[in-house]
Peer 1: 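First the structure, which I've put down as structure tokens, then a few questions once you've had a look.
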Amino acid sequence: MNDVVLSNIEKTVLSDYKYGFVTNIRADEAPMGLNEDIVRFISAKKNEPQWMLEWRLKAFRQWLKMEEPVWANVKFPPINYQDIIYYSAPKQRPSLNSVDDIDPELKRTFDKLGISLDEQKRISGVAVDVVVDSVSIATTFKEQLSKLGIIFCSISEAIQKHPDLVKKYMGSVVPATDNYFAALNSAVFSDGSFCFIPKGVRSPMELSTYFRINAENTGQFERTLIVAEEGSYVSYLEGCTAPMRDENQLHAAVVELVAHEKAEIKYSTVQNWYPGDKEGKGGIYNFVTKRGICLGDHSKISWTQVETGSAITWKYPSVILKGNHSIGEFYSVAVTNNHQQADTGTKMTHIGKNTKSRIVSKGISAGVSNNSYRGLVHINKNASNSRNFSQCDSLLLGDKCGAHTFPYIEVKNNSSIVEHEATTSKIGEDQVFYCNQRGIDTETAVALIINGFAKEVMNQLPMEFAVEAQKLLAISLEGSVG
Amino acid sequence: MLKIENLHAGIEGKKILKGINLEIKAGEVHVIMGPNGSGKSTLASVLAGRENYEVTEGSVEYMGKELLDMSPEDRAREGVFLAFQYPVEIPGLSTTNFMKTAVNEIRKYHGQEPLDAVAFLRMMKEKMALVNIDQSLLSRPLNEGFSGGEKKRNEIFQMAMLQPKLAIMDETDSGLDIDAIRIVSDSVNKLHNKDNAVLLVTHYQRLLDYIIPDFVHVMYNGRIVKSGPKELALELEEKGYDFIKNEIDVAEEA
Ligand SMILES: Nc1ncnc2c1ncn2[C@@H]1O[C@H](COP(=O)(O)OP(=O)(O)OP(=O)(O)O)[C@@H](O)[C@H]1O
Ligand SMILES: [Mg+2]
């Protein structure tokens, strides 16, 4: 009889993706496939300086010699990199002076997604950069930020207007040839966000980028670079969605964070790419390289991610703790349902003395999905008195899904302490019944239990997004919408 | 209010309840006693709608409706409350949040607007005072790491919040210290009125020093084998269950 109740829970676990619509906008696209000409095409489209093109080409030539990694605990048919369109931009006026110039159809798209590009209508205190397919289409609150010396714009614009900063920092954390997908991204990245917080400035608002894949057969390769100068602070959030399509689409992004002395960067992600249908057809391959470096003493980088979408997620937001007394954090909730696969975690590399890192990973699996935590804590010989604490919990809904933990620990000195805790639990029929007995239906009960499980991570999200993210968790695991 | 007729129920083919008959009217307090394993908690679970118990025969009329046809959450929304013998833990979910969801789900069912934060907090404060429970306990994850007594007190608090018509309390007095028993009984007495009813499952007559029942029933081997006034509890305490068992066994052999 236990089975009956469990399948009741499972019934409520069927996901409905509500961001799956396609917007009809005319697009400016590159021909399908990948070769040096495509790299040149993208660079030319963006009117890039020669050095940028050289950088891309170097990455591309390296990429040709590299092989797709196979160590992740995920399975997918071989990707044909010649079947992808590497550049697609919504057609519109060449340059926009304000958000008001955006194609109204696109604007409506974002209204549907709950993101208003109208500065007046936006939740106060959040500036957004919007990237559709390959290009950034709008950045809000630019002027207000620039008064403080904060640069927040698309990476394409940064290459034009702030080449020195881009030259100095791009590839400094994730080298162009770091790994297969990073190299691919370095060759063909088409847009992304750039943000620079000058010395001593605390950003007065959340900065955020919203990514949307719209066009068919395209890959999305964005690059984000955030530099926080001495004593500055920024909280940054990215969100993403994509239409429902039967074929898989590739998303291979690179994010680099640089925190100078006493600077703090808080980076939050709410990832909701299309996960594929219930039979596992379609969905985004989310192969992302995210890394930050705590360059200066007493600096801090904190990653928070809520991963509910994508057919496959392959992502390890990491921190290199170079400065003494620097702090790295990783808070993650990864939900997999139906046929989704996630292999995600972090890498904390302790180089400076007295460095600290904290890892809190919560994996939730349902359906026939597979959810893996993979983490590496490396403490160098010279990183004396360093500490790490890791907590990896898995929650299973039903008994056809999998949860796995691969924690690797390397400690090269004996004054450092590393602690690791892990648990695996199931949503109990008794927990659901207890909620039912208080007048709460099974769907809401599952949402309560899941949000309780994920609470420590959700608490890290900026207020404005915590509620959204909670809803998203519930939605990706339940039949209900909203 | 509640009329149980010839109720048979079991689990995985095993028969546990073998023909329960019991009527409870508004304003009454009923007590069920009986040896371990006689089916008291099973009866409570079946009334609350736990799905892994299978009802094979009988009916339960509650406020003019067939209770057994209702989902567990609808039973709760219609005023059936079960204080669990073993309250469940839900990590990361505070009692406060849990109750806020419960109260508002029940209100929604009755076509009422959800309580806003202020009104809800006011209600919390009032009930906290009534059952003498500490705020700090309610901010902690539901029942996680609670002592046995704290869990039971939390059940009473939830009961106060939800103001049920029929409160089924499964050994809520077990594991409580003497002061706590008094507090719990006081709360029950304060919450009890002519429009609601209480069904108490207990092993101890001492609870009945504080809560005066209208009827005491003895359950044995899935049946109510003896009912009487509150003095029956005293008799049980004195003589143990053996005298009843003997009576039954003799009767069955005949
Ligand atoms: N899930 C179950 N699986 C198998 N047997 C069960 C299950 N639940 C109850 N039973 C059995 O049914 C009988 C009655 O159990 P129940 O919990 O109702 O007794 P009780 O009268 O409440 O006892 P106690 O006074 O010890 O709380 C017991 O023999 C018990 O083992
Ligand atoms: Mg019992």
Peer 1: Near B/Glu113 CD, under 6.0 Å, is it more than 12 heavy atoms from other residues, nucleotides or ligands?
Peer 2: no

Peer 1: Please examine the side chains of B/Val103 and A/Arg438, heavy atoms only from C-beta on, and report whether any two atoms are closer than 4.5 Å.
Peer 2: no

Peer 1: Is B/Ile90 close to A/Cys435 at the side-chain level, that is, under 4.5 Å between some pair of heavy atoms?
Peer 2: yes

Peer 1: Tell me, for A/Tyr434 versus chain B, whether the close heavy atoms (under 4.5 Å) come from the side chain, the backbone, both or neither.
Peer 2: both

Peer 1: Measuring from atom CG of A/Asn451 to atom CG of B/Asn97, what distance do you get when rounded to the nearest 0.5 angstrom?
Peer 2: 9.5 Å

Peer 1: What are the two closest non-hydrogen atoms of B/Ala76 and A/Gly439, and how far apart are they?
Peer 2: CB-N, 3.3 Å

Peer 1: Please report the C-alpha distance between B/Arg77 and A/Asp441 in whole Å, then the side-chain angles of each, then the deciding distance to 0.1 Å, and finally whether the side-chain contact (heavy atoms from CB on, under 4.5 Å) criterion is met.
Peer 2: CA-CA 10 Å; B/Arg77 293 161 181 170; A/Asp441 63 29; 3.9 Å; yes

Peer 1: Quick one, A/Phe433 and B/Asn52 - any side-chain contact, counting heavy atoms below 4.5 Å?
Peer 2: no

Peer 1: Taking atom CG of B/Leu162 and atom CD of A/Gln437, what is their separation to the nearest 0.5 Å?
Peer 2: 8.5 Å

Peer 1: So what's closer than 4.5 Å to chain A heavy atoms on B/Glu78: side chain, backbone, both or neither?
Peer 2: neither

Peer 1: Counting neighbours of NZ on A/Lys347 that are heavy atoms of other residues, nucleotides or ligands and sit closer than 6.0 Å, is the number greater than 12?
Peer 2: no

Peer 1: Distance from A/Asn436 atom CG to B/Arg75 atom CZ, nearest 0.5 Å?
Peer 2: 10.5 Å

Peer 1: Any chance NZ of B/Lys18 has more than 12 other-residue heavy atoms, nucleotides or ligands included, within less than 6.0 Å?
Peer 2: yes

Peer 1: Counting heavy atoms not belonging to B/Lys190, are there more than 12 under 6.0 Å from its NZ?
Peer 2: yes

Peer 1: Measure distances from B/Pro87 to the heavy atoms of chain A and classify the residue's part below 4.5 Å as side chain, backbone, both or neither.
Peer 2: both

Peer 1: Locate the shortest heavy-atom distance separating A/Thr444 from B/Glu105; write the atom from each residue and the value.
Peer 2: OG1-OE1, 4.2 Å

Peer 1: Between B/Lys108, B/Met99, B/Met161, B/Glu73, which shows the greatest number of heavy-atom pairs under 4.5 Å with chain A?
Peer 2: B/Glu73

Peer 1: Where is the tightest heavy-atom contact between B/Val88 and A/Gln431, given as atom of each residue plus distance?
Peer 2: CG1-CG, 3.4 Å

Peer 1: State whether A/Glu429 and B/Arg50 are salt-bridged, where the test is any N-O pair (Lys NZ or Arg NE/NH1/NH2 against Asp/Glu carboxylate O) under 4.0 Å.
Peer 2: yes

Peer 1: How far does CG of A/Asp430 sit from OH of B/Tyr86, to the nearest 0.5 angstrom?
Peer 2: 13.5 Å

Peer 1: Any side-chain heavy atom of A/Ile449 within less than 4.5 Å of one from B/Leu93?
Peer 2: no

